[in-house]
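These numbers come from a predicted model, not from an experiment. Sequence positions, counted from 1, serve as the residue numbers for this chain.
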Amino acid sequence: MIMMKEALLLALLVAVVHGADVTTPGCIEQGQDVTVGFEYDNNNNGDWIGLYPANAVLDGNRVLEPRDRNWVWTCGDQSCNNFNSNEGPVMIQEPDLSGNTLWIAVLARFTGNSAPYVMMEQSVPFFIKSDCSAPDPTDAPITLAPVPTVPTLRPTHKPTPAPVTPAPNPPTPSPTNQPPTHMDKSVYDFGERFSVDFVVNDPEDGDWVGIYSADTPMDSLNTAHFWLWVCDRQGSLGNNCGGRSSGTILFREGKDIGWGSDWPLQPGNYKAVVMRNGNGPFQAIVATPTFTIETPSSMGELAVNFARHDIEQIMIGRDGDIALAAKFLRLGFHDCVGGCDGCVDLTFLDNRGLDVPIDALEPIWRKHKKLFSRADIWAMATLVGTEVSQPRSGFRKDFPFHEFGRKDCEDVNDKCFDENDEEHACSTKRGPHRHIPGVNTGTRELFEFFRDEFGFNTRETVAIMGAHTIGQLARENSGIGGEDGWVAEDNLRLDNEYYIELVGGDGPNDSVRDLVQGAPNWVKHRESNSDQSRFPDKHVWLGLPEGQDGKHIIMLNTDIAIVRDLNDDNMDPDTGRVNCNFVDRSNTRESTCPHAEGALQEAARYRFSNRAWLDDFEDTLIDMLRNGYSIDDDNCDGDLCSLDLGE
């Protein structure tokens, strides 16, 4: 039971473990301190209480940085994060509650990541008034349903071990006014680069960051394993760029960081400490929570980890581009049609735009080519891009890379043939021509292609099409202007939104009529390419999401074909023009397209369960990336071999 110890605020936090509802409203007068009571299980270092405008909670139960005076650790202030409490109250003194009249208190968890942070619980809204004794018609009970606990914002692809209590931070000259210096993650693979986000209230010239073992006493900090000035480099004191109050320091291979150790940092528990220059033992200003370097279970795992993290960095690193994830997924599909061989023919129109992911991966392949073929790296990038595109909260899947040994086309064939059957030397961007289903492919032809090419059944074909959840269509590459992608919410986020756009109803077992008629309406559209000689006009389907002015999303006939039976009777295979509607439109003479028997029901299953789709998508994607190979642990000559991951 959550109790308020003072009458200043009746904003109550609901503990998920109790499953209780709160029906008590609250009010506080402007300028007063705020006291928040709380009680919950599974408390952890890094838990804090913050005050936010009532509309500040983001999708996925996340919150941004609080205002400077509007938060405290659960232990009661802004500098006591060496221990935590599972019950309160805590007092937030002189908070800044200007600009809004309705506020909430939140219980959030800091896990070494930057904002947005995971919100574990929130209070009922409370009011900011000049006089709380005055009656207000809004003082009716407000019911708050329990908010489900969500995982950390940035999980690794392995289970995160139980948190390790960090060493106490030394006192600073003034209270820390934001979540403190922290790592970008709490657990790292052996050899993985890591970064430190630091905040210093009273910076001085000569401040630096050192990496120490977690059990090193804070009053005995001498030689560090690694060190960098706060300007992210080593060098003489005159070049240290000190006096910085905040920034990010990156520790990685190939960079001058060494002092007491060489890269990589050995497995164990560590902390990063912002130090003041002088004679050892050095004065510590602030330390991160403990972070862990995991022990690799085998050399195979170590090799994969190094390559995976290089791929991750070009998507989610400091200068990364997450849009590459969808491009890697497209590259993996196009490469594996006909057998994964690390080559595509860029003279083929359907492959336009693939030079971008190929060029992005080329340096990584050259770095790791002693261990992995180019086709292996492309397959790995497909899996890594898929994994990092998932939402940071909610159900997530790992997409592990377990097999190697794919052959690059130039290592297998001296000669390749293009779309016109003309011979050319095999190379990365001039691989053998492979047939890709065009935008005018009907339902039967689509399912036959995936059956004949990959051995996919109906469920697997519907699952792999969900890859269109991420990405967009560029008119210069396809003749179709689909800059907003296939889904309304977020075309960089991998989830089951694709099926939500295609299927209606209230559940997967609804009638066919409800699954069809309850779906969003897709309108047929002719895309004019009169200004582009290489593309004919294209017939596509447009959606206009409500509340998103000017935005339109798109579906191709191949997308519609997994839920509607597009065939020779209702679609011209040459132009792609369809003579039936997606849903019943009584103001037209055209009938509704017949549903795709079997496939519609599979899409409905995914529409109502992101978990079901991700489970099937992972298995299907891994099978696709094996196309053209067999698995033989004992004889790897010509086949894929399972990596020794110490399992």
Side-chain angles (χ1 to χ4, degrees), residues 326-366 368-369 372-383 385 401 403-441 445-456 460-461 464-465 467 471 474 477-479 534-535 558 620-632 636-641:
K327 294 176 172 62
F328 291 156
L329 189 51
R330 179 182 176 226
L331 177 63
F333 168 62
H334 283 239
D335 180 44
C336 288
V337 172
C340 313
D341 63 0
C343 300
V344 294
D345 183 9
L346 290 185
T347 66
F348 182 41
L349 272 182
D350 285 357
N351 289 332
R352 288 183 64 88
L354 289 177
D355 56 310
V356 174
I358 290 173
D359 291 345
L361 292 173
E362 185 70 9
I364 296 175
W365 168 65
R366 292 191 178 279
H368 298 279
K369 66 180 181 180
F372 302 112
S373 68
R374 187 172 56 247
D376 285 335
I377 292 296
W378 288 8
M380 192 184 300
T382 302
L383 295 167
F401 179 85
E403 295 103 19
F404 74 103
R406 296 164 184 82
K407 301 294 189 295
D408 297 333
C409 70
E410 68 270 26
D411 296 329
V412 177
N413 301 301
D414 294 330
K415 301 175 182 178
C416 289
F417 296 87
D418 64 17
E419 181 181 10
N420 299 316
D421 206 29
E422 295 182 359
E423 180 182 309
H424 60 270
C426 296
S427 65
T428 309
K429 299 179 180 179
R430 288 301 312 276
H433 172 70
R434 304 284 170 72
H435 168 68
I436 305 291
V439 296
N440 299 333
T441 302
E445 293 80 5
L446 180 71
F447 285 88
E448 286 180 349
F449 168 83
F450 281 101
R451 180 199 64 197
D452 296 342
E453 182 63 41
F454 299 107
F456 290 171
E460 291 165 328
T461 298
I464 203 68
M465 290 296 292
N477 292 332
S478 64
R534 62 179 175 272
F535 294 115
T558 47
T620 304
L621 183 64
I622 290 174
D623 282 345
M624 183 191 80
L625 296 172
R626 293 169 173 161
N627 195 34
Y629 303 90
S630 60
I631 306 298
D632 187 343
C636 297
D637 188 15
D639 292 324
L640 292 185
C641 300

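The two atoms that bring Glu460 and Thr620 nearest to each other are O-CG2, 3.5 Å, heavy atoms only. In terms of heavy-atom proximity, Pro357 sits nearest to Leu331 at CB-CD2, 4.1 Å. Of all the heavy atoms in Arg430 and Asp345, the pair that sits closest is NE-OD1, 3.1 Å. Pairing each heavy atom of Leu349 with each of Arg534, the nearest pair is CD1-O, 3.5 Å. In plain terms, the two heavy atoms of Ala326 and Gly471 that are nearest each other are CB-CA, 3.5 Å. Across all non-hydrogen atoms, the minimal contact from Arg626 to Cys340 is N-SG, 4.4 Å.
His368 and Phe372 have tilted rings, their planes meeting at an angle from 30° to 60° on a 0 to 90° scale. Below 30°, between 30° and 60°, or above 60°: for Phe333 and Phe454 the angle between ring planes is between 30° and 60°, a tilted geometry.
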Pair Trp378-Arg406, side chain to side chain contact (heavy atoms under 4.5 Å, CB included): steps then yes or no: CA-CA 10 Å; Trp378 288 8; Arg406 296 164 184 82; over 6 Å; no
Cys426/Cys416 under disulfide bond (SG atoms under 2.5 Å apart): CA gap, chis, key distance, verdict: CA-CA 5 Å; Cys426 296; Cys416 289; 1.9 Å; yes
Working for side chain to side chain contact (heavy atoms under 4.5 Å, CB included), residues Leu329 and Leu621: CA-CA 9 Å; Leu329 189 51; Leu621 183 64; 3.8 Å; yes
Derivation and outcome, side chain to side chain contact (heavy atoms under 4.5 Å, CB included), residues Leu383 and Ile622: CA-CA 8 Å; Leu383 295 167; Ile622 290 174; 4.1 Å; yes
Worked check of ring-ring contact (aromatic ring centres under 6.0 Å, His included) between Phe417 and His433: CA-CA 6 Å; Phe417 296 87; His433 172 70; over 10 Å; no
Check against side chain to side chain contact (heavy atoms under 4.5 Å, CB included), Asp341 and Arg434: CA-CA 11 Å; Asp341 63 0; Arg434 304 284 170 72; 3.1 Å; yes
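A donor-acceptor contact closer than 3.5 angstrom links the side chains of His334 and Asn351. Residues Thr428 and Arg374 bring a donor and an acceptor atom of their side chains to less than 3.5 Å of each other. A donor and an acceptor atom, one from each side chain of Asp376 and Ser373, are located under 3.5 Å apart.
If you take OG1 on Thr461 and CD on Glu448, they are separated by 11.0 Å, rounding to the nearest 0.5 Å. The CE atom of Met624 lies 6.0 Å from the OG1 atom of Thr382; values are rounded to the nearest 0.5 Å. Taken from CZ in Arg366 to NZ in Lys369, the straight-line distance is 5.0 Å, to the nearest 0.5 Å.
Taking 4.5 Å as the limit, some side-chain heavy atom of Leu361 sits within range of a side-chain heavy atom of Phe328. Between Asp418 and Phe348, every side-chain heavy-atom pair lies at or beyond the 4.5 Å cut-off. Using a 4.5 Å heavy-atom threshold, the side chains of Met380 and Phe404 count as separate.
Although no hydrogens or angles enter the test, the distance criterion places no donor-acceptor pair under 3.5 Å between the side chain of Tyr629 and the main chain of Gly339. No donor-acceptor pair under 3.5 Å is formed between the side chain of Thr441 and the backbone N or O of Pro437. Put simply, the side chain of Asp408 never gets that close to the backbone of Glu410: no donor and acceptor are under 3.5 Å apart.
For residues 420-429, the pairs satisfying salt bridge (charged side-chain N to carboxylate O under 4.0 Å, His left out) are Asp359-Lys429, Lys415-Glu423, with sequence neighbours left out.
The only member of Val337, Ile358, Asp355 that meets side chain to side chain contact (heavy atoms under 4.5 Å, CB included) when paired with Val344 is Ile358.
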